[in-house]
Amino acid sequence: MHLLNTQTLQLEEHIDNIPPYVILSHTWGDQEVSYQEMMMTTPQSPETQQKAGYTKILATCHLAQQILIYPDEPISQGNRISHVWIDTCCIDKSSSAHLTENINSMYEFYTRARLCIVHLVDLPLGVTFKEGLKSCRWITRGWTLQEMIASREIHFYSSNYVPDGDVKEWKYLGTKAQFSDALAEATNVPRDVLTGSGSVGSYSLAQRMLWASKRITTRPEDMAYCLLGIFGVNMPLIYGERDRAFRRLQEHIIKGSNDMTIFAWEPVTSSSSSAGSGTGQQRREHGFCSIFAPSPANFQNCNMIRPWSKNSHDPEYTITNKGLRMQDYLYYVPRKYGRLKRDYGLPLGVNENARTTAVGVHLRKLGPDMFLRERRGLKTLSWEYRNNLARVPSAPFYILGDEEAESEVEGAGSVLAKFRKNGIRFPGQVSQKNIIPQGLWDSVDRCFLPTNEKLVRGFLVKMKLVGSEKANPASSGREFDNGGGRHRVIQLGLLLDWAKTGPSPSKSYNIRLFDTAKYEKQTREIFSLRRYQEWKEGLRGSQLETQYPEIWDLGNQLRVETTGPEDGSVFVITASTVSENVEGFHSNGQTVDMYRVVLSVREETARGGLIREMDGMDLLVRE
């Protein structure tokens, strides 16, 4: 650490036994004095002494000498602070190693300082501190945020009343403690953090990002580097990486914290509504975006978001070359209108004002165990407390990174379409728990993804069958079962697997349709065992053939009789797939080839005469 001696104006290097020092917090001007200029000669050259920054250095040294090292002891030269640290001249910016070391240590520098002097060069005349502070550059700069938070004691000065040529008469305004209310209002930093009665670590990562959301820096990389101390991380400096620096900052934060509010940011849709040099603004108001925020500006609405209690949930996640890896932390979020489609939700924390609500983001399923974040704001995601949400049973899953999201932002649609081609759509009523493997099912598009062709897809549905008057006038409109009683519905099991047809490589689906009441044991095993539910260890076609041959030999048609062969009717249920072109996955209007499951129902007389034909989807029972 290099300190400037207030008496000799020479820079001194201190490694151990660092003397008491005063530190300056200010905004840079056009005529700052560099490390090299202070090291050249003593006294400094006339050109250096003519700079406005040199006047600032002299004023800081003069004020530092008024501070006693031991306030209770007599005033003497040896009891006065004799060193200052000023970022303009105490850092060798020509040395990347020296620059990295100082920036990574800067928060500690301000914490250890005996006093921080804040120089408000542009504070207006004739107004209160509270009013004048709003127009000062000091509260808009990225670097001064950590300087204000880290410093235990701050004295504010203004140079508006400096007599001509007398740099020793900076106008004293007051202390951080005196102005804590005005500072809290102007900067969004809580008062208890400013006064030291509360710790920075007691606030969520999103709330700390909020403090920097309206700050700016000259270089885009500095928007990340100026926040290192606030988040307690260290990382190398790479000038030239621009917006990538803020991404690296988030990755380093994640390594030491599982506070998921780091992902609780909102996309900024206007290029003019952001702060900071490294905003990395997204270009569309819909579609997908990275799980990582492009800038602190995206956290402007996160003041009340708090992380989960450790007793409630203690998530674990890691960054891999595939994306953000998480486990067992997805939930189904019911849509406002309709029950068929359910979004995927990633809860991130709770609303501090309403702890019965959860706050999170919507995800879109890209492929098996792969998701992208949807471009939606947090305001739309006030859910009931997460314990009332249905958890998505899944293996470890990944939230993919920037490249996949960017391809969707650009409108190519190829990433999403890739994992829908040749998928199986089922638009009818089906409960999520009655689907295997659940890892291949997308609840938004209501389709099975085509990945991993060896696995059997299957679901259970309930169908309500009502005999017609033509079949039996005496029992018209009454529900029936397969042999007596008043069974209202029949539960159907459908299993699908790939099958090559003929010598050509074209493929279709084999379908096996059965009444689960007749195959109760097999149904329970197939649809209940966790290893079949999870996509990686689901039921394979070869296992279905060897372990459940009675199911394997079934076809795609099922006959269900009514009360009897004389006066009843027979329902013939047929399951099939049809090829269709589905829109919505390409923004340019292209379609994706998919299959759709079709259920058709024929009601026949006991002797085989056709009574009527129906769409089986209309007969499904909502669960």
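Since we're looking at a predicted model, the values are computed, not measured.
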Using 0.5 Å steps for rounding, measure from the [atom1] atom of [X] to the [atom2] atom of [Y].
{"X": "Leu348", "Y": "Arg306", "atom1": "CG", "atom2": "CZ", "value": "15.0 Å"}
{"X": "Arg375", "Y": "His362", "atom1": "CZ", "atom2": "NE2", "value": "14.5 Å"}
{"X": "Gln31", "Y": "Thr55", "atom1": "CD", "atom2": "OG1", "value": "9.0 Å"}
{"X": "Ser199", "Y": "Ile149", "atom1": "OG", "atom2": "CD1", "value": "11.5 Å"}
{"X": "Ile319", "Y": "Ile254", "atom1": "CD1", "atom2": "CD1", "value": "4.0 Å"}
{"X": "Asp222", "Y": "Leu237", "atom1": "CG", "atom2": "CG", "value": "8.5 Å"}

Salt bridge between [X] and [Y], side-chain N to carboxylate O under 4.0 Å?
{"X": "Glu251", "Y": "Lys255", "result": "no"}
{"X": "Glu153", "Y": "Arg114", "result": "no"}
{"X": "Glu32", "Y": "Lys56", "result": "yes"}

Taking the side chain as every heavy atom from C-beta outward, state whether [X] and [Y] have any atom pair closer than 4.5 Å.
{"X": "Lys171", "Y": "Tyr157", "result": "no"}
{"X": "Leu133", "Y": "Ile139", "result": "yes"}
{"X": "Leu9", "Y": "Gln44", "result": "yes"}
{"X": "Val359", "Y": "Pro347", "result": "no"}
{"X": "Trp138", "Y": "Ser25", "result": "yes"}
{"X": "Ile86", "Y": "Cys89", "result": "yes"}
{"X": "Thr6", "Y": "Ile81", "result": "no"}
{"X": "Ile57", "Y": "Leu4", "result": "yes"}

Taking atom types as modelled and ignoring hydrogens, do the side chains of [X] and [Y] form a donor-acceptor contact shorter than 3.5 angstrom?
{"X": "Ser213", "Y": "Gln300", "value": "no"}
{"X": "Asp259", "Y": "Ser257", "value": "no"}
{"X": "Asp87", "Y": "His26", "value": "yes"}
{"X": "Glu266", "Y": "Asn301", "value": "yes"}
{"X": "Asn104", "Y": "Tyr225", "value": "no"}
{"X": "Gln207", "Y": "Ser204", "value": "yes"}
{"X": "Tyr110", "Y": "Gln146", "value": "no"}
{"X": "Asn5", "Y": "Glu12", "value": "yes"}
{"X": "Ser180", "Y": "Arg191", "value": "yes"}
{"X": "Arg137", "Y": "Thr144", "value": "no"}

Aromatic contact between [X] and [Y], with the criterion being ring centroids under 6.0 Å apart: yes or no?
{"X": "Trp85", "Y": "Tyr21", "value": "no"}
{"X": "Tyr172", "Y": "His155", "value": "yes"}
{"X": "Tyr203", "Y": "Trp211", "value": "yes"}
{"X": "Phe397", "Y": "Tyr317", "value": "no"}
{"X": "Tyr398", "Y": "Phe371", "value": "no"}
{"X": "His119", "Y": "Trp170", "value": "yes"}
{"X": "His83", "Y": "His14", "value": "yes"}

Determine the minimum heavy-atom distance between [X] and [Y], stating which atoms define it.
{"X": "Phe288", "Y": "Leu372", "answer": "CD2-CB, 3.8 Å"}
{"X": "Met223", "Y": "Ala212", "answer": "CE-O, 3.9 Å"}
{"X": "Ile103", "Y": "Tyr239", "answer": "CD1-OH, 3.8 Å"}
{"X": "Gly132", "Y": "Pro124", "answer": "O-CD, 3.6 Å"}
{"X": "His2", "Y": "His98", "answer": "ND1-NE2, 3.1 Å"}
{"X": "Ser290", "Y": "Arg247", "answer": "OG-NH1, 4.4 Å"}

More than 12 non-hydrogen atoms from neighbouring residues, nucleotides or ligands closer than 6.0 Å to NZ on Lys130, yes or no?
-> no

Check for a donor-acceptor pair, side chain of [X] on one end and backbone N or O of [Y] on the other, with a separation under 3.5 Å.
{"X": "Thr217", "Y": "Pro220", "answer": "no"}
{"X": "Arg80", "Y": "Gln65", "answer": "yes"}
{"X": "Asn102", "Y": "Leu99", "answer": "no"}
{"X": "Gln250", "Y": "Ala293", "answer": "yes"}
{"X": "Thr320", "Y": "Gly323", "answer": "yes"}
{"X": "Glu185", "Y": "Ala182", "answer": "no"}
{"X": "Arg152", "Y": "Thr111", "answer": "yes"}
{"X": "Ser95", "Y": "Asp92", "answer": "no"}

How far apart are the C-alpha atoms of Val84 and Thr60, what are their side-chain angles, what is the distance that settles it, and do they pass the side-chain contact (heavy atoms from CB on, under 4.5 Å) test?
-> CA-CA 8 Å; Val84 297; Thr60 304; 4.1 Å; yes

List the steps, then state whether side-chain contact (heavy atoms from CB on, under 4.5 Å) holds for Tyr107 with Val200.
-> CA-CA 12 Å; Tyr107 191 91; Val200 172; 3.8 Å; yes

Apply side-chain contact (heavy atoms from CB on, under 4.5 Å) to Met370 and Lys322, showing your working.
-> CA-CA 9 Å; Met370 293 184 292; Lys322 190 176 180 179; 4.0 Å; yes

Using the six-membered ring of Trp143, assess whether NZ or CZ of Arg215 lies under 6.0 Å from its centre and within 45 degrees of the ring axis.
-> no

Kindly determine whether Gln36 and Ser94 satisfy side chain to side chain donor-acceptor pair (under 3.5 Å), including the steps that lead there.
-> CA-CA 9 Å; Gln36 284 74 20; Ser94 66; 3.1 Å; yes

Apply side-chain contact (heavy atoms from CB on, under 4.5 Å) to the pair Arg248 and Ile238, showing each step before the final yes or no.
-> CA-CA 10 Å; Arg248 282 202 303 122; Ile238 309 175; 3.7 Å; yes

Could you check Glu37 against Lys51 for salt bridge (charged side-chain N to carboxylate O under 4.0 Å, His left out), going step by step and ending with a plain yes or no?
-> CA-CA 11 Å; Glu37 289 174 312; Lys51 288 187 173 183; 2.7 Å; yes

